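Being a predicted model, the structure only gives us computed values, none of them experimental. Just follow the structure's listing: the first ligand is 1, and inside any ligand the first atom is 1.
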Amino acid sequence: MSTAAPKTPDLDAPGRGRAAGPPRAGSRPGGPAPGIAERTAAVARVAEEHLERTERDAVFPVEALAEMRRTGLLGLLVPAEYGGLGGTLTDLVDVSMELGRTDMSVAMILAMHLQQSEAVVRHAAPPLREELLPLLAAGDLYLASVTTEVGKGGHLLRSYAPLTETGDTLRIDRTAPIVTGGTEADGFLITMRSPHATADHQVSLVYAHRRQLEVVADGVWCPMGMRASHSLPLTLTGTVPAHQLVGEHGAFHRIAGSVFGPLAHLGWSAVWLGTAAGALSRVLRLLRDPVTRKRFDTTSELLLTRLSRARQRLDTVHALLRRTEALVASGDDLSAPAAQLLLNGLKITAAEECHGAVEDLVDAVGLRHGYLQDSPTRLEKALRDLRSAALNYSNDRLHLADGPLSLLDPGVRFA
Ligand SMILES: Cc1cc2nc3c(=O)[nH]c(=O)nc-3n(C[C@H](O)[C@H](O)[C@H](O)COP(=O)(O)OP(=O)(O)OC[C@H]3O[C@@H](n4cnc5c(N)ncnc54)[C@H](O)[C@@H]3O)c2cc1C
């Protein structure tokens, strides 16, 4: 992150006043727009200050979350008429990449929250909409995501836990095997089997304030990577008013198709690309630093080829990310096979290539700076964090979806 950014960003800098609707794309090479860039730099700076502890102890980065609240980034995608920053899809991608350069967990926490907030912007009806959007804009609502379920893994369009409707209320009783930031969240978006469902794929999305639920966290969070994401299993029980349904009963597939799927694949891929780009950048600085460069033979063909390969992987992901961003922002039908294939291809490619790039870098610089925790390259941490990418909605599941989609497009027409 740039160290030249002011300590306290101008929080009154105007957003671009997005009206409610699909976030637009834009073309702004090189990072987030002014204003948003300063807010992002402020969050990155706080994340960096606490990184050693959050990583070592696998605890949630409460200080970085407080800075996301203060800078308004929690309301990045909320239209300006509700007090939000009115940011675009490009802003979501840029901010996710930028924070990924510092810490993949912090970047993922914000990217996932923004995906949830966009579901509220696009699909929550009044009065829930009027209630939640000002809270999001003010930084008073950090949203956690509850979609994964025991027995179905990451399968989005299925739920076994029944949502019970009684009069004007909805009863929630849901176990969740992994909820990022679940112990800190102010509210939850939860997928459950619709009250009138005759099949498991009739899923509803319901919102619950933390104060409306009994939230019980279970176990200890001690993962290989993504340590600061603090993604514990939770049990959530409580009763909420019926108007806290987001979208229609049994119609979560519409939200998944228009928001959850596209924004997850874009946001996650941007976070992974930022993580790998940060790692490559730190390696290149080490190789160019007058003090440390003597330890490396920068004329070595092996070293140069590995650097080239890492850069090539990242440029490939970046091109695919921007192409997919433009498709999603265009408002075109995302259910068409070619569009689905592009969205899934982005997620799979970003997961594989970003991890592969960091693997290349470990070989490029060797044991001292590729394998030890105390190296300024932080390759060891980046590799552990990026190992989660293929698992975070399994690449295998996406390939099994992409096979039949490929058969539906015999002309091989690209989106
Ligand atoms: C750091 C991190 C944070 C997360 N945070 C959240 C969160 O906040 N909220 C949330 O809801 N979820 C969260 N998740 C869960 C994530 O979105 C995935 O859904 C989850 O990781 C999948 O779990 P799984 O690998 O156990 O299950 P599965 O998706 O079942 O995959 C397990 C393995 O089984 C195989 N497999 C099983 N079934 C199939 C199939 N039908 N087709 C193909 N292969 C199959 C695959 O090889 C796969 O690798 C998080 C995950 C990570 C890594």
Side-chain angles (χ1 to χ4, degrees), residues 54-55 58-61 65 96 100 103-117 119 142-161 172 174-192 200-201 203 205-206 208 210 215 217-219 221-236 252 255-256 259-261 263-265 267-269 271-272 275 344 347-348 350-352 354-355 381-405:
T54 55
E55 180 67 19
V59 290
F60 192 83
L65 176 63
S96 301
D103 184 18
M104 192 163 132
S105 290
V106 166
M108 198 57 112
I109 285 165
L110 184 60
M112 285 173 58
H113 162 85
L114 292 175
Q115 170 202 337
Q116 307 297 300
S117 87
Y142 164 49
L143 284 170
S145 159
V146 181
T147 58
T148 304
E149 203 170 342
V150 177
K152 66 153 205 188
H155 197 311
L156 255 190
L157 302 179
R158 184 179 298 168
S159 184
Y160 302 135
I172 295 166
R174 175 74 148 87
T175 52
I178 177 163
V179 184
T180 294
T183 52
E184 298 297 325
D186 307 299
F188 300 83
L189 281 181
I190 308 165
T191 53
M192 297 189 71
D200 293 337
H201 66 263
V203 177
L205 183 67
V206 63
R210 182 174 209 95
V215 181
D218 193 18
W221 176 246
C222 191
M224 173 197 290
M226 298 302 287
R227 291 176 63 78
S229 72
H230 202 248
S231 307
L232 280 175
L234 296 185
T235 302
L236 307 160
F252 172 66
I255 302 176
V259 178
F260 268 53
L263 265 62
H265 289 199
W268 297 347
S269 300
V271 166
W272 300 331
T275 303
N344 292 347
K347 191 272 163 181
I348 295 168
E352 289 176 353
C354 295
H355 182 263
K381 169 172 155 48
L383 196 64
R384 282 188 289 104
D385 286 343
L386 282 167
R387 187 61 188 85
S388 69
L391 306 177
N392 195 355
Y393 203 94
S394 163
N395 279 6
D396 290 342
R397 277 190 192 276
L398 290 176
H399 276 304
L400 277 186
D402 281 359
L405 285 168

Nearest protein heavy atom with distance in Å, relative to atom 33 (C) of ligand 1: S394 OG, 4.8 Å
4.5 Å side-chain heavy-atom contact, V146 and L234: no
Between S229 and S105: side-chain donor-acceptor atoms closer than 3.5 Å: no
Numbered atoms of ligand 1 (with element) below 4.0 Å of S231, judged on heavy atoms: 3 (C)
Identity of the nearest option to atom 44 (N) of ligand 1, non-hydrogen atoms only, from L189, L391, D396: D396
Which residue and heavy atom of the protein sit nearest atom 37 (C) of ligand 1, plus the separation: R397 NH2, 3.9 Å
Heavy-atom nearest neighbour in the protein, as seen from atom 18 (C) of ligand 1, with distance rounded to 0.1 Å: Y393 N, 3.4 Å
Proximity of H399 to ligand 1 by residue part, where a heavy atom lies under 4.0 Å: neither
Sidechain-backbone polar pair: K347 side chain, S394 backbone, donor-acceptor under 3.5 Å: no
Minimum non-hydrogen distance to atom 10 (C) of ligand 1, winning option of I109, T180, I178: I178
Numbered atoms of ligand 1 (with element) below 4.0 Å of V179, judged on heavy atoms: 7 (C), 8 (O)
T148 N/O under 3.5 Å from ligand 1 N/O: yes
Protein residue, atom and distance nearest to atom 26 (O) of ligand 1, heavy-atom basis: G153 CA, 4.8 Å
Sub-4.0 Å atoms of ligand 1 with respect to non-hydrogen atoms of L400: 42 (N), 43 (C)
By side-chain contact (heavy atoms from CB on, under 4.5 Å) - contacts of A185 (at least two apart): Y142, A144, F188, R210
Proximity of M226 to ligand 1 by residue part, where a heavy atom lies under 4.0 Å: side chain
Atoms of ligand 1, numbered as shown, that sit under 4.0 Å from any heavy atom of S145: 7 (C), 8 (O), 9 (N), 10 (C), 11 (O)
R174 side chain to T191 backbone, donor-acceptor under 3.5 Å: yes
T147 N/O to ligand 1 N/O under 3.5 Å: yes
Taking atom 17 (O) of ligand 1 as the reference point, the nearest protein heavy atom with its distance: N392 OD1, 3.0 Å
Ring geometry between F252 and F260 (parallel below 30°, tilted from 30 to 60°, perpendicular above 60°): perpendicular
Top protein contact for atom 53 (C) of ligand 1, by heavy-atom distance: S388 CB, 4.0 Å
